[in-house]
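Note sheet for the following structure.
Each ligand, and each atom within it, is numbered from 1 in the order the structure gives.
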Amino acid sequence: MSRTYAQRAKNFPQNEVARMLLKIIEQKRTNLCVAIDLTKKRQVLEVIEKVGPYVCLIKEERTNSKDSSGSIKGKLRFSKAKTHIDIIEDFDQGLIDELRILQERFNFLIFEDRKFADIGNTVKLQYSSGIYKIAEWAHITNAHPIPGDGIIKGLKEVGKPLGRSLLILSEMSSAGSLATGSYTEAAIEMARRHRDFVIGFVAGRKLTGNNYDSKNQADNDVIDNDDFIVMSPGVGLSDAGDKLGQQYRSPRDVVLKSGSDVIIVGRGIYGEGRDIIEEAKRYQESGWNAYLERLELQSNK
Ligand code: BMP
């Protein structure tokens with residue numbers, strides 16, 4: 001049984017990205033992933049400059065890289081998903097080049113939150129081609145399980161030779177999500193069939209382990225050959241949610257009670273009126289302390 005992030009690296013013999021991520025988490029003592037949902041290239045880079053020391057992972061959204069004006073505060077907008085935008089060819093490489101430089105400087109991985117959801121053949125194109133060429137620069141991306149195994153097979157054909165990894169969206173943080181019950185169970189089974197490419201889940205709680213249904217996740221130990229990294233969005237220390245169905249829980253709740261491995265935080269860090277560096281530190285400390293508390297409870301069992 002492995003409990004620490006560092007110990008768990010050996011549970012991913014086929015996934016270098018998982019081992020790298022677990023190593024970074026342990027070295028930097030942070031399980032914080034910042035979701036950069038900003039529309040201007042300059043805003044994205046500004047936030048990463050500030051949060052870089054406190055994160056293990058940057059969750060990137062497609063951005064409008066042409067506009068270099070505007071301040072961050074009060075100008076947040078979510079990128080809009082467009083059908084097959086990924087295969088249109090006129091992308092500015094500048095942002096990707098700068099992201100790479102920041103990544104090397106601060107030692108974090110990049111997670112493109114693309115939420116693929118189409119048949120295998122289409123997602124292959126969306127992942128490899130078009131403006132964004134996601135597979136070239138994103139260590140991790142994610143997919144909905146709804147189309148069936150073909151979506152993973154398609155993404156794997158592109159991503160695996162490049163050493164990339166995938167997360168499966170098996171639960172969602174928004175109110176009324178349909179990703180529950182047997183849907184979530186089927187998503188877990190799908191991930192198990194593709195352990196050579198799938199390293200974990202986007203979910204609100206640990207979904208595998210010797211006692212994964214327990215209300216107290218300190219009771220749930222990792223089963224080494226059934227280990228997945230769980231990343232949880234819907235994390236906020238100051239708000240209960242937003243007006244569009246988002247629901248927030250604290251890092252302590254998510255990591256200690258629900259056994260999640262990585263907290264994903266967006267507006268809680270760079271929302272209007274927030275001090276980005278202070279908030280990044282606050283979430284990093286809160287997430288890490290919850291992990292230490294979980295370890296202590298487990299070792300006292
Ligand atoms: P925020 O902390 O600002 O609410 O942002 C949450 C981020 O996590 C967003 O990028 C959103 O797309 C993502 N997300 C989520 O909120 N819930 C999910 O179930 C899955 C997500 O990827």
Side-chain angles (χ1 to χ4, degrees), residues 31-40 43-44 47-48 50-51 54-64 72-82 109-117 134 138-146 165-181 183-184 187-188 191 198-207 228-251 253-255 258 260-274 276 279-280 282-284 286-287:
N31 51 23
L32 171 64
C33 167
V34 176
I36 313 280
D37 294 346
L38 299 166
T39 58
K40 313 282 187 283
Q43 295 176 334
V44 170
V47 169
I48 298 178
K50 290 184 175 163
V51 304
Y54 311 104
V55 300
C56 57
L57 199 62
I58 291 287
K59 189 171 82 68
E60 182 57 66
E61 303 272 339
R62 282 162 294 168
T63 55
N64 174 359
I72 294 161
K73 286 174 187 167
K75 288 198 173 181
L76 308 185
R77 263 200 299 126
F78 292 101
S79 58
K80 293 187 181 73
K82 282 194 186 177
L109 300 186
I110 302 172
F111 165 21
E112 163 60 20
D113 186 9
R114 175 60 182 77
K115 295 189 177 70
F116 291 102
I134 294 163
H139 303 92
I140 299 171
T141 190
N142 56 356
H144 287 290
I146 197 145
S165 291
L166 186 71
L167 301 172
I168 296 296
L169 282 132
S170 44
E171 291 183 330
M172 292 199 72
S173 62
S174 41
S177 162
L178 305 179
T180 61
Y183 180 97
T184 303
I188 299 166
V198 176
I199 59 168
F201 302 106
V202 174
R205 64 203 159 97
K206 193 85 181 159
L207 297 169
F228 289 96
I229 299 171
V230 174
M231 306 197 188
S232 298
V235 176
L237 281 164
S238 307
D239 301 311
D242 67 12
K243 290 181 186 150
L244 298 174
Q246 177 65 296
Q247 308 176 108
Y248 291 123
R249 295 187 296 150
S250 70
D253 199 8
V254 166
V255 175
S258 297
S260 176
D261 300 308
V262 173
I263 54 170
I264 299 175
V265 186
R267 291 164 290 176
I269 287 177
Y270 51 73
E272 193 165 3
R274 305 229 199 269
I276 297 173
E279 293 295 343
R282 189 157 80 113
Y283 281 93
Q284 179 268 323
S286 182

With a 3.5 Å distance limit and no angle check, can you tell me whether H139 reaches the backbone of I110 through a side-chain donor-acceptor pair? yes
Just do the side chain to side chain donor-acceptor pair (under 3.5 Å) check on S258 and R249 with the steps written out, would you? CA-CA 10 Å; S258 297; R249 295 187 296 150; 2.9 Å; yes
Taking the minimum heavy-atom distance to atom 10 (O) of ligand 1, which of L244, L169, V202, D37 ranks first? D37
Can an N or O of N142 be found at a distance shorter than 3.5 Å from an N or O of ligand 1? no
Hey, which atoms in ligand 1 end up nearer than 4.0 Å to a heavy atom of R267? 1 (P), 2 (O), 3 (O), 4 (O)
For the pair S250 (side chain) and D253 (backbone), establish whether a donor and an acceptor sit closer than 3.5 Å, ignoring hydrogens and angles. yes
Report the part of Q246 (side chain from C-beta onward, or backbone N, CA, C, O) that has a heavy atom under 4.0 Å from ligand 1; answer both or neither where that applies. side chain
Closest heavy-atom contact between S170 and T184? O-OG1, 2.8 Å
Report yes if some N/O of S174 lies less than 3.5 Å from some N/O of ligand 1; otherwise report no. no
Which of the atoms in ligand 1, numbered in the order shown and given with their element, are less than 4.0 Å from a heavy-atom of M172? 18 (C), 19 (O), 20 (C)
Y248 neighbourhood, listing ligand 1 atoms whose heavy-atom distance to it stays under 4.0 Å: 1 (P), 2 (O), 3 (O), 4 (O)
To the nearest 0.5 Å, what is the distance between CG on L109 and CD1 on I58? 10.5 Å
Will you find, in the side chains of N142 and D113, an N or O donor that is under 3.5 Å from an N or O acceptor? yes
Answer yes or no: is there a side-chain heavy-atom contact under 4.5 Å between R267 and D242? yes
Looking at ligand 1, does any of its N/O atoms fall within less than 3.5 Å of an N/O of A35? no
Kindly indicate whether the side chain of L169, heavy atoms from C-beta on, has any atom under 4.5 Å from the side chain of K115. yes
Of the listed options (G271, G234, P233), which comes nearest to atom 20 (C) of ligand 1 when hydrogens are ignored and any heavy atom counts? P233
Which of the numbered atoms in ligand 1 are below 4.0 angstrom from a heavy atom of D113? 12 (O), 13 (C), 22 (O)
Which option out of S177, G268, S173, A203 puts a heavy atom nearest to atom 17 (N) of ligand 1? S173
